[in-house]
Amino acid sequence: MIEVSNLSKHFGTFKAVDNISFSIPTGQIVGLLGPNGAGKSTTMRMVTGYIKPTSGQIKIDGTDIEENAVECKRKIGYMPESAPLYGEMIVEDYLKYVAEMQGQNPEEKVPLLCSECGLKEVMHKNISDLSRGYRQRVGLAHALMNDPEILILDEPTSGLDPNQIGDVRALIKEIGKTRTVIISTHILGEVEMLCDRVIIISGGRLVADSPTAELRERYGTSATVYVQAGGCTVKEISDVLGRVDFAGAVTEEGGENISAEEKTAGVLVQVKDNKEIRPAIAEAVTKAGFRLYELSIRRNSLEDIFHTLTEE
């Protein structure tokens with residue numbers, strides 16, 4: 001369990017983190033989002049005990065991290081964006097070295113992490129010879145060495161190719177079954193795939209905190225319906241659809257070119273109160289004598305919500 005209360009961090013007159021609070025229970029994967037400079041990495045470094053807050057409190061399983069830093073840090077595994085690995089060392093030797101530093105039994109922990117992180121093929125290679133994907137795996141193994149209850153990952157798939165991203169995501173998903181995981185990332189699709197919950201920080205302040213499945217309902221706007229019809233102009237179909245019950249603003253939206261012989265018009269219709277208006281739209285279009293080519297619902301994406309919240 002992580003409890004963050006009224007946390008702030010100032011660098012001179014600059015407020016990197018400004019009075020944020022949240023709690024994360026055991027066994028939850030949380031996505032920490034925000035634009036560059038929002039305060040994500042600073043927040044993560046304070047939670048790990050790497051830097052001290054200007055004010056506020058951080059508790060790990062009820063223990064204040066400033067009062068008992070060693071006890072708290074033993075429960076945390078941290079992988080920064082660029083994992084600090086010794087490139088001249090062989091993977092197996094490096095992991096044994098980390099195990100000994102952390103008071104773990106190398107003969108037990110290294111084979112276990114080799115299997116868990118998918119490192120069997122590279123255990124006898126120099127770290128400098130590894131692909132970035134395997135380097136990330138070694139960084140994860142390092143972060144997991146003390147069997148932490150909490151795993152904090154800063155941009156874990158940054159710079160990876162699509163195959164490597166898939167492998168690392170699958171690994172994080174498996175790890176998250178038994179641990180609390182915080183992931184900082186710019187890849188919003190990754191958050192939807194991996195995270196149970198989303199926290200968004202902008203300008204050092206917390207602007208959203210929601211289960212991923214409820215984010216659109218809590219912070220999104222009403223849905224829109226896309227309509228493409230033939231035999232009409234944008235103005236003609238806008239006039240017709242504007243009279244449909246629960247239809248809001250109608251705006252032009254480009255669409256597929258159906259044929260050179262027939263003019264078509266594409267529009268987006270705002271939906272009031274999240275009502276189901278597609279049957280009424282279909283009826284209005286056909287009654288007006290237009291040909292209906294497409295009728296589809298469009299809901300806010302996570303990108304739309306992120307853009308709105310961080311700009312505001």
Side-chain angles (χ1 to χ4, degrees), residues 1-12 14-32 34 37-86 94-106 108-110 112-113 116-117 136 138-156 172 175-176 178-185 197 199 201 204-206 209:
M1 168 71 112
I2 302 170
E3 297 173 271
V4 173
S5 304
N6 306 115
L7 191 67
S8 295
K9 180 63 180 178
H10 303 167
F11 295 98
F14 175 66
K15 294 181 179 180
V17 177
D18 187 9
N19 195 37
I20 67 172
S21 300
F22 58 84
S23 63
I24 303 174
T26 301
Q28 192 174 72
I29 302 179
V30 176
L32 184 62
K40 303 186 304 298
S41 292
T42 302
T43 299
M44 296 172 86
R45 288 169 184 166
M46 287 190 285
V47 171
T48 62
Y50 180 69
I51 61 175
K52 288 187 176 183
T54 303
S55 61
Q57 187 179 53
I58 300 166
K59 289 185 177 181
I60 306 296
D61 288 341
T63 302
D64 190 310
I65 197 168
E66 288 200 59
E67 294 178 0
N68 199 333
V70 173
E71 180 185 337
C72 290
K73 288 179 182 180
R74 282 177 178 155
K75 298 179 179 181
I76 299 172
Y78 176 48
M79 188 180 80
E81 181 176 356
S82 297
L85 309 175
Y86 296 137
Y94 173 77
L95 293 178
K96 286 181 177 179
Y97 169 67
V98 172
E100 289 170 356
M101 278 201 307
Q102 296 190 4
Q104 303 293 323
N105 184 339
E108 292 180 3
K109 294 294 294 189
V110 172
L112 187 64
L113 289 170
E116 187 172 3
C117 297
Q136 293 294 82
V138 175
L140 275 171
H142 182 162
L144 291 167
M145 185 62 71
N146 62 333
D147 197 24
E149 299 172 17
I150 298 165
L151 186 63
I152 299 177
L153 309 174
D154 196 351
E155 301 288 349
I172 293 170
I175 289 168
T178 55
R179 296 174 175 88
T180 299
V181 181
I182 302 176
I183 302 171
S184 173
T185 180
R197 175 178 163 199
I199 294 173
I201 296 175
R205 295 184 298 275
L206 193 150
D209 184 355

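You'll find the side chain of K15 stays beyond 4.5 Å of the side chain of S8, heavy atoms only. The shortest side-chain heavy-atom distance between E116 and I175 falls under the 4.5 Å cut-off. When side chains are defined from C-beta on, T43 does not count as touching V4, because their heavy atoms never get closer than 4.5 Å.
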Side-chain donor-acceptor pairs under 3.5 Å in residues 138-149, sequence neighbours left out?
from, atom 1, to, atom 2, distance (Å)
H142, ND1, Y94, OH, 2.7
N146, ND2, R74, O, 2.9
D147, OD1, R179, NH2, 2.8

Residues 19-32 side chain polar contacts: donor-acceptor under 3.5 Å, at least two apart:
from, atom 1, to, atom 2, distance (Å)
N19, OD1, N6, ND2, 3.2
S21, OG, N6, N, 2.7
T26, OG1, M1, N, 3.4
Q28, OE1, R197, NH1, 3.1

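For the pair S184 and M44, the tightest heavy-atom approach, listed with the atom from each and the gap, is CB-SD, 3.3 Å.
Looking at T54, its side chain does come within 3.5 Å of a backbone N or O of H10 through a donor-acceptor pair. Put simply, the side chain of K96 never gets that close to the backbone of P106: no donor and acceptor are under 3.5 Å apart.
Note that the NZ atom of K73 and the CG atom of N68 stand 11.0 Å from one another [nearest 0.5 Å]. Rounding to the nearest 0.5 Å places CD1 of I183 at 13.5 Å from NZ of K40. K75 NZ to L151 CG: the interatomic distance, rounded to the nearest 0.5 Å, is 16.0 Å. Taken to the nearest 0.5 Å, the CD atom of E71 stands 11.0 Å off from the CD1 atom of I76. Note that the CD1 atom of I65 and the OH atom of Y50 stand 14.0 Å from one another [nearest 0.5 Å]. Note: M79 CE to E155 CD = 10.0 Å, rounded to the nearest 0.5 Å.
With sequence neighbours excluded, no residue forms a salt bridge (charged side-chain N to carboxylate O under 4.0 Å, His left out) with D64. Applying the salt bridge (charged side-chain N to carboxylate O under 4.0 Å, His left out) test to K109 and every residue at least two apart in sequence or in another chain returns nothing. Not counting sequence neighbours, T180 has no partner by the side chain to side chain donor-acceptor pair (under 3.5 Å) test.
Among pairs with a residue in residues 44-59, none fulfils salt bridge (charged side-chain N to carboxylate O under 4.0 Å, His left out), at least two apart in sequence or across chains.
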